J.: 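Shown below is the structure under consideration.
This structure is a prediction, so every number in the text was calculated from the model and none was measured.
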Amino acid sequence: MEDENEDLQELENGDNVFFQYHEALREKKFKDADELLDRVLAEIEDPNRKKEEFVRNFYLRHKYGDTSAFRELEEYTENIENDDEKKSHGFFYLSLIYNQANNYPKAVELATKALELTNKNEQKAYCISRISDYHLENENTKESLDVIIKHIDNINEKQPKVTLYRALANYYKKTENKLLESIAYQKALELTPNNTYLLFDAAYNYSETEQDLKDLGLLFYKKLLGFDSKFQSALNNIGVAYKNLGLEIKSIEHYKKAFEFKNSLAASNIAYQLIHLGFIEEAEDYLKKAEEFENPHENVFEATSSIKTKITKEKEEEEKILNKANKKFRFFNHFGNAVFTSKKIDFKISNNWHYGEIPITISKNENLIEFSWENGEEKHSISGVLTNNSISATYKKPKKNIYSYSAENRYTYRDVKGFGYLVSNQKITFIFEFESKIIELNFYEK
């Protein structure tokens with residue numbers, strides 16, 4: 001089942017037929033469950049959802065230990081005629097059972113049949129997601145990714161598309177690519193922007209990337225807390241994000257809020273932070289008392305002033321960080337479209353590419369691509385790897401050596417990691433972060 005944002009209804013009594021049905025299954029009262037199934041189906045208005053629930057009953061009975069359910073599901077599915085949607089559901093749930101029995105080829109075969117039969121995008125997305133999982137569990141990473149990328153451009157309904165982006169996130173989680181996992185969550189959030197669980201996953205993973213995108217983590221935690229100010233794990237984690245970005249007062253503030261909601265991890269974080277440096281409120285208490293003493297030392301007033309100055313500076317720094325994060329946020333929206341697609345842009349390598357008025361030289365060898373240009377005596381170059389329409393790039397950025405005494409060492413070069421994507425066959429854009437500043441480069445074919 002997809003884990004959406006709305007809370008599951010708490011069923012505190014046995015009056016709800018869905019509750020009774022699942023309780024009967026859990027207690028292995030399969031005869032009672034069959035009788036309750038008719039009432040469950042009567043509650044469901046969507047005809048296709050009704051079909052699925054009927055077929056899923058076989059799977060649930062099998063899951064809870066009914067030894068006859070698997071054989072019945074196979075026979076039932078085999079005998080379905082003139083109803084491709086119901087047959088698709090049958091193959092789908094049979095694939096789950098075969099996968100649990102470690103029959104990987106049969107699981108893929110049945111889920112593929114289910115995919116081919118259905119015309120419903122929601123069912124297609126579930127089938128694609130499962131096929132990807134089956135391949136991934138059996139270390140066939142190429143097939144796992146390919147099946148999602150092959151279909152993702154053809155499914156544009158909101159919820160099915162979210163399912164596919166979450167399947168991509170799962171793929172990149174298991175293949176340990178935090179950046180693309182984070183971008184997959186971000187793409188899902190374009191369609192369900194109030195999903196706090198997706199916001200948390202995006203925030204957490206951006207904070208953990210090798211590319212040092214803690215500012216994006218902060219941005220997503222702030223978005224999440226805008227929807228749910230009592231999300232204790234997010235309160236604690238945004239405290240970590242603030243600390244990692246050097247904003248200690250903000251960090252302590254959010255640890256304390258998380259602790260108010262009984263987050264024990266926040267308590268340990270407060271302890272470590274206080275030991276290191278965070279005695280702001282405690283310091284203010286001491287200083288206020290000291291001001292009442294006779295002839296207080298001038299340092300008392302300087303310390304009071306320094307606290308106010310630090311608070312102001314942190315506020316200004318937070319604004320700069322979030323402005324920078326928003327630029328990355330907008331960039332990765334487009335970067336996600338460029339990497340998660342099967343529709344590759346065919347661009348020409350010609351002598352007409354420019355950066356502003358500066359000519360660009362481009363060379364390409366399979367998926368390796370290089371850009372070079374000169375700005376006066378400065379020599380610039382970007383090398384990268386093309387994946388679909390995206391580029392993982394390294395910018396060899398020149399920096400003038402003011403103490404140079406010869407042409408040979410007039411410039412030093414820094415390798416700056418970044419990203420790019422093909423906007424069209426006549427435009428390529430890049431983003432890099434160098435010395436806490438965002439560098440955006442746009443190349444055009446004139």
J.: Strictly distance-based, threshold 3.5 Å: is any side-chain N or O of K86 a donor or acceptor partner for the main-chain N or O of K51?
T.: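 Answer holds: no.
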
J.: Aromatic ring centroids of F70 and Y98 under 6.0 Å?
T.: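 For F70 and Y98, the ring centres are under 6.0 Å apart.
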
J.: Taking the basic N atoms (NZ, or NE/NH1/NH2) and the acidic carboxylate oxygens, is any pair closer than 4.0 Å for K113 and E109?
T.: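 Salt bridge: yes.
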
J.: A cation-pi test, strictly: NZ or CZ of K223 under 6.0 Å from the centre of the six-membered ring of F329 and no more than 45 degrees from its axis. Yes or no?
T.: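 Checked: cation-pi criterion met.
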
J.: Residues two or more places apart in sequence or in another chain: which of them pass ring pair (Phe, Tyr, Trp, His ring centres under 6.0 Å) with F30?
T.: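 Per chain and number, F30 pairs via ring pair (Phe, Tyr, Trp, His ring centres under 6.0 Å) with no residue.
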
J.: Under the ring pair (Phe, Tyr, Trp, His ring centres under 6.0 Å) rule, collect the residues that match up with Y93, sequence neighbours excluded.
T.: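 Here the qualifying residues are Y59.
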
J.: Give every residue pair that meets the ring pair (Phe, Tyr, Trp, His ring centres under 6.0 Å) criterion with at least one member in residues 228-248, sequence neighbours excluded.
T.: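 Non-adjacent pairs meeting ring pair (Phe, Tyr, Trp, His ring centres under 6.0 Å): F200-F231, Y242-H254.
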
J.: Side chain of E440, backbone of T429: donor and acceptor closer than 3.5 Å?
T.: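 Side chain of E440 to backbone of T429, a donor-acceptor pair under 3.5 Å: no, none is there.
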
J.: Ignoring hydrogens and geometry beyond distance, is a side-chain donor-acceptor pair present between N388 and S390 at under 3.5 Å?
T.: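 Absent: no donor and acceptor within the cut-off.
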
J.: Salt bridge or not between E318 and K315? Use side-chain N to carboxylate O under 4.0 Å.
T.: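 Salt bridge flag = no for K315 with E318.
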
J.: Does the side chain of Y21 come under 3.5 Å of the side chain of N57 through a donor N or O and an acceptor N or O?
T.: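 The answer is yes; a qualifying pair exists.
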
J.: Do we see a donor-acceptor contact under 3.5 Å between the side chains of E137 and N99?
T.: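 Yes - a donor-acceptor pair under 3.5 Å links their side chains.
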
J.: Flag the pair K313 and E317 as a salt bridge only when some basic side-chain nitrogen lies within less than 4.0 angstrom of an acidic carboxylate oxygen.
T.: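 The answer is no: the pair does not qualify as a salt bridge.
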
J.: Below 4.0 angstrom, N of the basic side chain to O of the carboxylate: do K120 and E52 qualify?
T.: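 A salt bridge is absent here (no side-chain N lies under 4.0 Å from a carboxylate O).
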
J.: Below 4.0 angstrom, N of the basic side chain to O of the carboxylate: do D146 and K150 qualify?
T.: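 Looking at D146 and K150, the cut-off is not met.
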
J.: Angle between ring planes, W373 versus F443, binned at 30° and 60°: parallel, tilted or perpendicular?
T.: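 Rings of W373 and F443: perpendicular, over 60°.
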
J.: For E435, is there an ion pair with K399 - N to carboxylate O distance below 4.0 angstrom?
T.: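 Looking at K399 and E435, the cut-off is met.
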
J.: Taking the six-membered ring for Trp, is the centroid-to-centroid distance between F419 and F332 below 6.0 Å?
T.: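 Aromatic pair counts; centres sit under 6.0 Å.
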
J.: Quick one: does any side-chain atom of T77 pair with a main-chain N or O of L73 as donor and acceptor, under 3.5 Å?
T.: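 Indeed, once roles are kept as given, a pair shorter than 3.5 Å links the two residues.
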
J.: Do S342 and D153 have side-chain N/O donor and acceptor atoms under 3.5 Å apart?
T.: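 D153 and S342 do have a side-chain donor-acceptor pair below 3.5 Å.
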
J.: We want to know whether N170 and D133 form a side-chain donor-acceptor pair, criterion being a heavy-atom distance below 3.5 angstrom.
T.: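 Result is yes, a qualifying pair exists.
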
J.: So, Y221 and N237: side-chain donor and acceptor under 3.5 Å apart, yes or no?
T.: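 Result is yes, a qualifying pair exists.
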
J.: Pair Y172, N205 - check side-chain hydrogen bond (donor to acceptor under 3.5 Å, both in side chains), show working.
T.: CA-CA 11 Å; Y172 289 116; N205 283 286; over 6 Å; no

J.: Could you tell me whether Y395 and F430 have their ring centroids closer than 6.0 angstrom?
T.: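 No; F430 has its ring centre 6.0 Å or more from that of Y395.
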
J.: State whether the number of non-hydrogen atoms from other residues, nucleotides or ligands found under 6.0 Å of F347 atom CZ is greater than 12.
T.: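 More than 12 heavy atoms, drawn from other residues, nucleotides or ligands, come within 6.0 Å of this atom.
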
J.: Got a sec: does the NZ of K348 have more than 12 other heavy atoms crowding it under 6.0 Å?
T.: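 It does not: K348 NZ has 12 such atoms or fewer within range.
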
J.: Give a yes or no on whether K364 atom NZ has more than 12 heavy-atom contacts from other residues, nucleotides or ligands under 6.0 Å away.
T.: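 More than 12 within 6.0 Å, yes.
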
J.: Salt bridge or not between K256 and E260? Use side-chain N to carboxylate O under 4.0 Å.
T.: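 The answer is no: the pair does not qualify as a salt bridge.
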
J.: What I want to find out is whether E314 reaches K250 closely enough, with some N-O distance under 4.0 Å, to be called a salt bridge.
T.: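 So E314 does not pair with K250 through a salt bridge.
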
J.: Ignoring hydrogens and geometry, is there a side-chain-to-backbone donor-acceptor pair from K28 to Y64 under 3.5 Å?
T.: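 Yes, K28 side chain to Y64 backbone: donor-acceptor pair under 3.5 Å.
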
J.: Check the side chains of Y134 and S95 for a donor-acceptor pair under 3.5 angstrom, ignoring hydrogens and angles.
T.: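 Yes, side-chain donor-acceptor contact under 3.5 Å.
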
J.: For L145 and L136, what are the C-alpha separation, side-chain angles and deciding distance, and is it a side chain to side chain contact (heavy atoms under 4.5 Å, CB included)?
T.: CA-CA 9 Å; L145 181 59; L136 201 54; over 6 Å; no

J.: Thinking salt bridges, do K320 and E316 make one under a 4.0 Å N-O criterion?
T.: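 Answer for the salt bridge query: no.
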
J.: Any salt bridge between E190 and K187, counting N to O under 4.0 Å?
T.: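 Yes, this pair counts.
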
J.: Taking N16 for its side chain and F18 for its backbone only, find out whether a donor-acceptor pair lies under 3.5 Å.
T.: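 Yes, because the side chain of N16 sits within donor-acceptor range (under 3.5 Å) of the backbone of F18.
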
J.: Any Lys/Arg nitrogen of K174 or E181 sitting under 4.0 Å from an Asp/Glu carboxylate oxygen of the other?
T.: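 Result for this pair is no, no salt bridge flagged.
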
J.: Under 3.5 Å, is there a donor-acceptor pair linking the side chains of S207 and K214?
T.: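 No pair is found: no donor N or O on one side chain lies under 3.5 Å from an acceptor on the other.
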
J.: Between E72 and R61, is the closest basic N to carboxylate O distance under 4.0 Å?
T.: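 Salt bridge between R61 and E72, a charged N being under 4.0 Å from a carboxylate O: yes.
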
J.: Check this for me, if you would: do D346 and K344 make a salt bridge, where the nitrogen-to-carboxylate-oxygen distance has to be below 4.0 angstrom?
T.: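 Between K344 and D346 there is no salt bridge, as every charged N stays at least 4.0 Å from the carboxylate O atoms.
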
J.: Would N121 and K161 count as having a side-chain donor-acceptor pair, cut-off 3.5 Å?
T.: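 Checked: N121/K161 side chains show no N/O donor-acceptor pair below 3.5 Å.
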
J.: Walk me through it: do H135 and V108 pass the test side chain to side chain contact (heavy atoms under 4.5 Å, CB included)?
T.: CA-CA 8 Å; H135 285 310; V108 171; 4.1 Å; yes

J.: Other residues, nucleotides and ligands only: do more than 12 of their heavy atoms fall within 6.0 Å of NZ on K327?
T.: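 At most 12 heavy atoms, drawn from other residues, nucleotides or ligands, come within 6.0 Å of this atom.
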
J.: Under the 3.5 angstrom rule, does the side chain of S182 hit a backbone N or O of K178 as a donor-acceptor pair?
T.: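 Yes.
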
J.: Quick check: does any side chain N or O of T118 sit under 3.5 Å from a backbone N or O of A114, one acting as donor and the other as acceptor?
T.: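 No.
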
J.: Check the pair T163 / I155 against side chain to side chain contact (heavy atoms under 4.5 Å, CB included), numbers first and verdict last.
T.: CA-CA 10 Å; T163 299; I155 293 178; over 6 Å; no

J.: Is there a donor-acceptor contact under 3.5 Å from the side chain of K396 to the main chain of H380?
T.: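 Such a contact is absent between K396 side chain and H380 backbone.
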
J.: With a 6.0 Å cut-off (strictly less than), is the heavy-atom count around NZ of K50, excluding the residue itself, greater than 12?
T.: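 Above 12, so yes.
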
J.: Heavy-atom count check: over 12 atoms from other residues, nucleotides or ligands less than 6.0 Å from N333 CG?
T.: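 Yes.
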
J.: Any luck finding a side-chain donor-acceptor pair between Q186 and Y206 under 3.5 Å?
T.: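 Result is yes, a qualifying pair exists.
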
J.: If you count every heavy atom of other residues, nucleotides or ligands that lies below 6.0 Å from E78 atom CD, does the total exceed 12?
T.: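 Not more than 12 within 6.0 Å, no.
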
